[in-house]
Amino acid sequence: MNNPRKLALSLLEDFGITNPQDVDVIDIAYALNIPVRHNQLKGCEGRITHAKNQSMITLNNSEKFITRQRFTIAHEIGHYLMHRKEPINHNDDISSLSWFNNKNNLEILKQESEANEFASELLLPTDQFLICIESQYFSPELIRSVSDRFKVSRTSVIHRFVEHGNHPICVFYTRNNKVHYWRKSEFFKYYIKNITKLPPPGDSVCAEYFNENTIYPNEESKQEISKSTWLEVNNEYANDIFYEFCLVHSSVNLAISVIWED
Ligand SMILES: [Zn+2]
């Protein structure tokens with residue numbers, strides 16, 4: 001049974017790394033004897049292939065964001081440490097790297113989620129994350145500041161906040177104008193509308209992106225919506241104020257919406 005988070009922490013310890021933000025994950029790959037090369041990949045961001053005594057990581061050379069490259073390499077290192085004995089070569093696309101995996105094979109699903117947990121702990125250990133967010137409410141600025149400090153993607157910081165934040169949020173993944181998946185904090189007490197596989201609610205910030213291509217600048221990224229936009233609520237509360245922060249990955253037509261109340 002793999003314990004991805006423990007494994008990531010023991011790797012950091014083995015390498016004497018106390019500040020993961022200073023780490024070049026390519027160096028870790030090389031130290032583990034895994035060459036990393038860039039190539040043109042179709043429909044995937046990275047992959048790891050295993051021969052008998054050698055593995056190799058390939059990254060898509062069209063990926064420009066350093067945070068995504070770091071996460072992909074860390075994810076592939078996770079596959080190397082936990083799954084290389086199994087005869088599966090991993091081709092990782094936006095879904096396997098984003099926690100809303102739509103692959104049908106349960107064994108692959110499990111491996112992708114383990115590799116994501118490993119990568120996320122390697123790049124941003126939970127104890128350091130908890131210090132960053134201690135007594136802080138959710139805000140787009142908080143997500144950006146942790147992301148910049150640890151050089152991890154905003155998406156993965158949002159996921160950590162769902163797991164460990166002390167302010168309840170709910171996150172929706174909408175791709176090609178269809179809601180694929182949502183995930184909420186343990187203490188998020190509202191019912192979510194049944195919108196999976198449907199377009200996002202017409203009055204959501206997410207719909208503004210898909211319908212009008214609106215992407216708000218950082219200083220306007222906290223947008224006011226109604227409680228009833230994404231949630232199932234009684235009429236008397238329908239117009240209560242809620243907020244939405246919509247993070248757009250236009251290259252893959254993906255929008256990640258976080259909703260919360262103050
Ligand atoms: Zn993977």
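Heavy atoms only: backbone and side chains are in, while hydrogens, waters and symmetry mates are out. Remember, it's 1-based here, ligands and their atoms both numbered in the order they're listed. Note that the numbering runs from 1 along the sequence shown for the chain.
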2.8 Å cut-off met by an N, O or S atom of E76 to the Zn ion (ligand 1): no
Between K184 and Y190: side-chain donor-acceptor atoms closer than 3.5 Å: no
Check: F242 ring centroid to W260 ring centroid under 6.0 Å: no
Test log, rule salt bridge (charged side-chain N to carboxylate O under 4.0 Å, His left out), inputs K193 and E232: CA-CA 5 Å; K193 279 184 177 170; E232 209 64 86; over 6 Å; no
Y243 six-ring centre to K222 NZ/CZ under 6.0 Å and within 45° of normal: yes
For the Zn ion (ligand 1), the closest N/O/S atom belonging to H79: NE2
Closest E112 atom to the Zn ion (ligand 1) [N, O or S only]: OE1
